[in-house]
Amino acid sequence: MSFRWTYAQPEQEETASALGEQLGIPAKIAQLLAIRGIKTYDDAKYFFRPKIENLHDPFLMKDMEEGAERLALAIRRTEKVLVYGDYDVDGTTATSCVYTFLKEFGVDADYYIPHRFKEGYGINPDGIKYAEEVNATLIVSVDCGITAIEEAREAKEKGIDLIICDHHTVGDGIPDAVAVLDPKRPDCEYPFDGLSGAGVGFKLIQATIKKLGLPKSVAFQFLDLVAISIASDIVPIIDENRVLMKAGLNMIRKSPRVGIQALLDLIKVKKEEVNTSKIVFSIGPRINAAGRMGDASTAVKLMISETIAEAKAHAQELESINLRRRDTDSQTMKEAMKQIDQNFDMEETSTIVLYAEDWHLGVIGIVASRLVDLYHRPAIMLSNVDGKIKGSARSIKGFNIYNAIKKCDDLLEQFGGHEFAAGLTLAEDNLTEFRRRMNELAFSDLSDNSFEPELTIDADLDLTEVDMKFWKLLSQFEPFGPGNIRPIFVSKGVTVVGEPTIVGNGHLKMKIKQGQSGSFDTIGFNMHEYLPSVRTGDPFDIAYVLEENNWNGRRTLQMRLKDIHIP
């Protein structure tokens, strides 16, 4: 599928020019900085050298004083504390952080992760009942709880204190708890509201350590887990998250905890090579698999492992679960594609709404995302759970899927989410009308261009500018992620050197050059259809990201193609 190229230009070209002069860097690097909102020398210094000293004071967060004081008291008294988490990567890493922190002080800590299908997301009566059964006097929720108004009241009635650590949008009110830590609270003046759930848990650990009179460095042992949560939960890797991510990656590369090392060994990823991308595509999905298939406790067990043998066993179990998840995922995708082929005319379809009663609730969100990538239309995958239709929705730029679903609230029993992703529940009798209405809403809101995938280009690049010095500066933009996406370049009028080939499962591999530049290795995954066009010898335009390729100790630059435009 070819993309429509749009350019992300800095608001003021003077900013890029001034930065280039101040920093003594190439104009293209300065342009990339300006696109990312970096305007001054100090901004650039903070961006290129994110230091742990730059972390914000945790006590700037609303209710942190009360939360840290209560948790410090629980530690001093060695109370029974229940860490209440969520079943995704953010929730399980956050649970592992706080649980391990408490265990190190001899606290009788326990954890509770709700079952994805039996209980659903968030604090629920079963979890409160479990806290009561194990005689917990304090619950610390992580990555959930901001909407648990009834559950907070129930815990209070049972004499159980509650500290909420969350990062989701606040609902109609604030739960009545000892502390409600959420940088998205309207009355919270914390300087950064983009923390992950594990990030908020980390801030509580930082503050509690201060209350206990311990060195700040005690909290830094959890940065590997925080980095995994940040990358996997797709929060912006800017401001404080950039500091946490950089420090967490360094920890993983030098001395990962035993559970993470066991997982890396199993999937044959060298710790020195771990980056945001490796977390998103290799580590995160395996941790997530446990919760997707039902019970997330295996993921927590891996991350809190204390011995190599224990860690290896949990890593193997997690990999086995992930293989089942992939098989289920693949089968569901095939069935979804079959439904589309048989029942949908894409010229008349603005929103893809698919239903099969036996689809696994844990994978339909992944499949919906793939359908969005494939057809560039909002996609909603629905399954049947205990007589109710439940599902996951994913969207494209320009169509707020949450707002659209909200306009169908008369057909729904439950829904929630945000601009690009949502979950919903409805009765089967309402499915046909829901599908019709969602298609109508997307048709009225979106233009023809909306259904054409867009690729945002950072800059046109002359290949004579690209050398190892340029790459060294570019590599300092890492860690990449939302808010700092890996730069995409365009080079025009390139030609093939030698003979292009197809390798692996339909991947286009070739050497290219531009004018008098040197030649560059390029790889275009699943781009085999371009082979006849590029082998003619005529010039063409490419969009790509630059990467370093290490082979037998030799470092070279490689272009990973994102798109090809044939004039």
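We're numbering straight along the sequence, starting at 1. Only a predicted model underlies this, so the values are computations on that prediction, with no experimental measurement involved.
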(message) Go through it in stages, so that I can follow the logic: the residues are Q331 and D327, the test is side chain to side chain donor-acceptor pair (under 3.5 Å), and I'd like the CA-CA distance, side-chain angles, deciding distance and then a yes or no.
(response) CA-CA 6 Å; Q331 182 60 33; D327 288 344; over 6 Å; no
(message) Working note: S277 + N275, criterion side chain to side chain donor-acceptor pair (under 3.5 Å); need CA distance, chi angles, decisive distance, verdict.
(response) CA-CA 5 Å; S277 188; N275 55 21; 4.6 Å; no
(message) Evaluate E119 against Y112 for side chain to side chain donor-acceptor pair (under 3.5 Å), listing each step before the verdict.
(response) CA-CA 12 Å; E119 299 171 76; Y112 186 90; 2.6 Å; yes
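Looking at N439, its side chain does come within 3.5 Å of a backbone N or O of S350 through a donor-acceptor pair. Distance alone, capped at 3.5 Å, is enough to place a donor-acceptor pair between the N241 side chain and the P236 backbone. Side-chain atoms of D233 do not come within 3.5 Å of backbone N or O of S196 as any donor-acceptor pair. In this structure, S96 contributes its side chain and T92 its backbone to a donor-acceptor pair below 3.5 Å. A distance-only check finds a donor-acceptor pair linking the side chain of R377 to the backbone of M346 [under 3.5 Å].
Using a 4.0 Å cut-off between charged nitrogen and carboxylate oxygen, D63 and R185 count as a salt-bridge pair. Checked for salt-bridge contact, R70 and E79 meet the test: a charged N lies under 4.0 Å from a carboxylate O. Residues K203 and E240 are paired through a salt bridge, judged by an N-O separation under 4.0 Å between the basic side chain and the carboxylate. We find that K271 and D224 are not joined by a salt bridge, their nearest charged nitrogen and carboxylate oxygen being 4.0 Å or further apart. Under 4.0 Å is where a charged nitrogen must lie from a carboxylate oxygen, and between R370 and D329 at least one such pair does.
For the atom pair S297 OG and H115 NE2, the distance stands at 9.0 Å (nearest 0.5 Å).
The 12-atom threshold is exceeded at NZ of K80, counting heavy atoms of other residues, nucleotides or ligands nearer than 6.0 Å. Counting non-hydrogen atoms of neighbouring residues, nucleotides and ligands closer than 6.0 angstrom, the CG atom of D187 exceeds 12 such neighbours. Remark: E419 CD is packed, more than 12 non-hydrogen atoms of other residues, nucleotides or ligands lying under 6.0 Å away.
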